[in-house]
Amino acid sequence: MNYKKKVILALNKEIKEKLDENVLELPPNESLGDYALPCFILSKKLKKSPIEIAKKLESKKFPSIIEKTKAVGPYLNIYLNRKHIIKEIFKEKENYGKGNKKEKIMIEFSNPNPFKGFHIGHLRNTVLGESISRLLKFQGNKVIPVNYYNDTGKHVAKCLWGLENLKVSKPEDKDLGEWLGKIYSQASIKGKEEEFSIIHKKLEEKDKKYTKAFKQGLSWSEEHFNNIYKDLNITFSKIYYDSDYLDTGKKIVNNLIKKKVAKLDEGAIIADLEKYKLNTLILTRSDGTSMYITKDLSMAIDRINKFKLDSSVYVVGSEQKLHFQQLFKLLELYGYKQSKKCYHLSYGLVNLPEGSMSSRSGNIVLYKDLKRKLFKLLDEEINKRHNNKSKSEKQKIKEDIFSAAIRFDMVLPDTNKEITFDIKKSICFEGDTGPYIQYAHTRASSILKKSKEKISDKINYRLLSKKEEQNLISKLALFPEITKNAAEQHKPNIVAQYLLRISHLFSDFYHNCPCISEDKDLEKARLLLVFCTKQILSSGLYLLGINSPEEM
RNA sequence: GGGUCCGUAGCUCAGCUUGGAUAGAGCACUAGCCUUCUAAGCUAGGGGUCGAGGGUUCAAAUCCCUUCGGGCCCGCCA
């Protein structure tokens, strides 16, 4: 049970009301308390002014979870029991804030196209998906992360055309998937539509030469992607291939016709969803081939049946919003109740300052290129700070900071907002960034390492009385609530914003409350607070997929 | 035309789900702080008709309606 619930129960018991926990709000700043009860909501019933009510409530005695209450105007500000919070974090450690949900959830994300480059748009998707996956797992759910490769279609033909006609020499010992992506972009510009169509058709007819080239290219792309996932520390339980679902949709379409959801129209099979305001869509083309929605539908049914899923999350760009509404509606009309628990996590595209990205025009920032650029900058900085460290130690620090910087950038803005990715800003590691949070974490680590005192929860809690200490503890107590909200709403940015706040409060504490001191009781008390802060920072960073280095 | 998302400080964005206390951060700019736990840090300063108009309410950046500007989607792409 979170503190909010405990507080409202304690309040209700004392004032004999049945208030919902959501009436409690967070005061505008920590010094005003941990929660506030706006007494307006009681004034009609009690026929008293909210100011009077607050004043009256202030003098009541509450259970020990509430340390004190203070009436400020029409608000009753509530301060949680500090000792209680700190003891709990210290006891639970990395389990602090975990939930007890038991759903089986599949989450599909990343979905890069083989034969094209993995760019920062895919990066946003991947980082979001991984974070949501971790958040859902943290709530106790069984999570199955999957990836989906679209290995059929014209983009494959384009790339194969490029391989054949552009005569670009194959680089030795290099990432061939990345090289393929660049060939794709060039082919898009230099080739002609008719030439692509010929290859596309031959591929569908299983032409030996092109099939061989296709298989080779696919394996290069997969190697490229696996390389990046290893870099990002992400693993999938299963990869789905578009090519495996080319024909399986037919049975489903027939059933949809039987259920009168679909019908023939001008040679094609369509589903009329106008009455749900979801337009009409084509399921099967007039030449008999399946549309994407059909493959998606058969894949969705396949997943629900095979894995006995409670729900499914699809991390896909906002431009496919209608597509997923249609998909879920078809699933429902087909008879699957799970459609109610399917969720399209729609996110805004990543643009560049000069406009939108497009692999076809080559106006893209590839993940690997970005990494090379940032590493160059990190090299100088790290050599300046740690010239006594070994190469592998320096490499580890660079990886951690790079990962934090880009992942945090991708996860900080609200998911449905578009991101304008400015490489100049991404190389800045100061201010509201991932490295800033890591920095707070390393400072905490450093204090714990330097002190000779043992960390224990048997301290004099009254010594943690300065406002910087009080504010920090107050915010630490919100971690369970924050992670629960973030998981329920599929919004990692809630955690990101929270960690920034914690880091700011910790910096404030760091500058005003020296830990290592002659006063050993004070040192012990502050050490425990530092330990708890470090725990929350690293738990939170983990949920964003970011490492918490001990030094940087 | 229909749908959907976005519009808050010079710039990038929180806050809107669930209305509530002086609308918060970062960047940039100005002035300070390293003999003291990592200065990737901290302190102070200026900077706002919350796109506009109306409505509901004791109370609106937040809810409702209208409107303007931008992105994306709307039967043979994925």
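Keep in mind the model is a prediction, meaning the values are calculated, not measured.
Within the 4.0 angstrom heavy-atom criterion, only backbone atoms of the sugar-phosphate kind lie near Lys425(A); the bases stay farther away. No contact: Leu281(A) has no heavy atom under 4.0 Å from any strand. In this structure, Cys39(A) reaches neither bases nor backbone, as no heavy-atom distance under 4.0 Å exists between it and the strands shown. At a threshold of 4.0 angstrom between heavy atoms, the contacts of Ala271(A) with the nucleic acid are absent. His504(A) comes within 4.0 angstrom of sugar-phosphate atoms only, judged by non-hydrogen atoms across all strands, and of no base.
The base of A25(B) lies outside donor-acceptor range of the side chain of Arg501(A), with no N or O pair under 3.5 Å. No hydrogens or angles were tested; on distance alone, nothing pairs the side chain of Ser507(A) with the base of C42(B) as donor and acceptor under 3.5 Å. At a cut-off of 3.5 angstrom, the base of A21(B) holds at least one donor-acceptor pair with the side chain of Asn77(A).
OP1 or OP2 of G41(B) has not a single side-chain nitrogen or oxygen of Arg443(A) nearer than 4.0 Å. Close to A78(B), at under 4.0 Å from its OP1 or OP2, lies no side-chain N or O of Tyr292(A).
Note: His122(A) and Phe225(A) fail the aromatic proximity criterion, with ring centroids not under 6.0 Å apart.
Legend: residues meeting ring-ring contact (aromatic ring centres under 6.0 Å, His included) with Tyr292(A), ordered by chain and number and at least two apart, are His323(A).
Applying side chain to side chain donor-acceptor pair (under 3.5 Å) to Glu30(A) and the options Lys467(A), Gln470(A), Arg501(A) leaves one that passes, Arg501(A).
Per the geometry, NE2 belonging to His511(A) stands 10 Å off C1' belonging to C34(B), to the nearest Å.
A cation-pi arrangement is present between Lys68(A) and Tyr79(A), with the terminal nitrogen or guanidinium carbon under 6.0 Å from the aromatic centre and inside a 45° cone about the axis.
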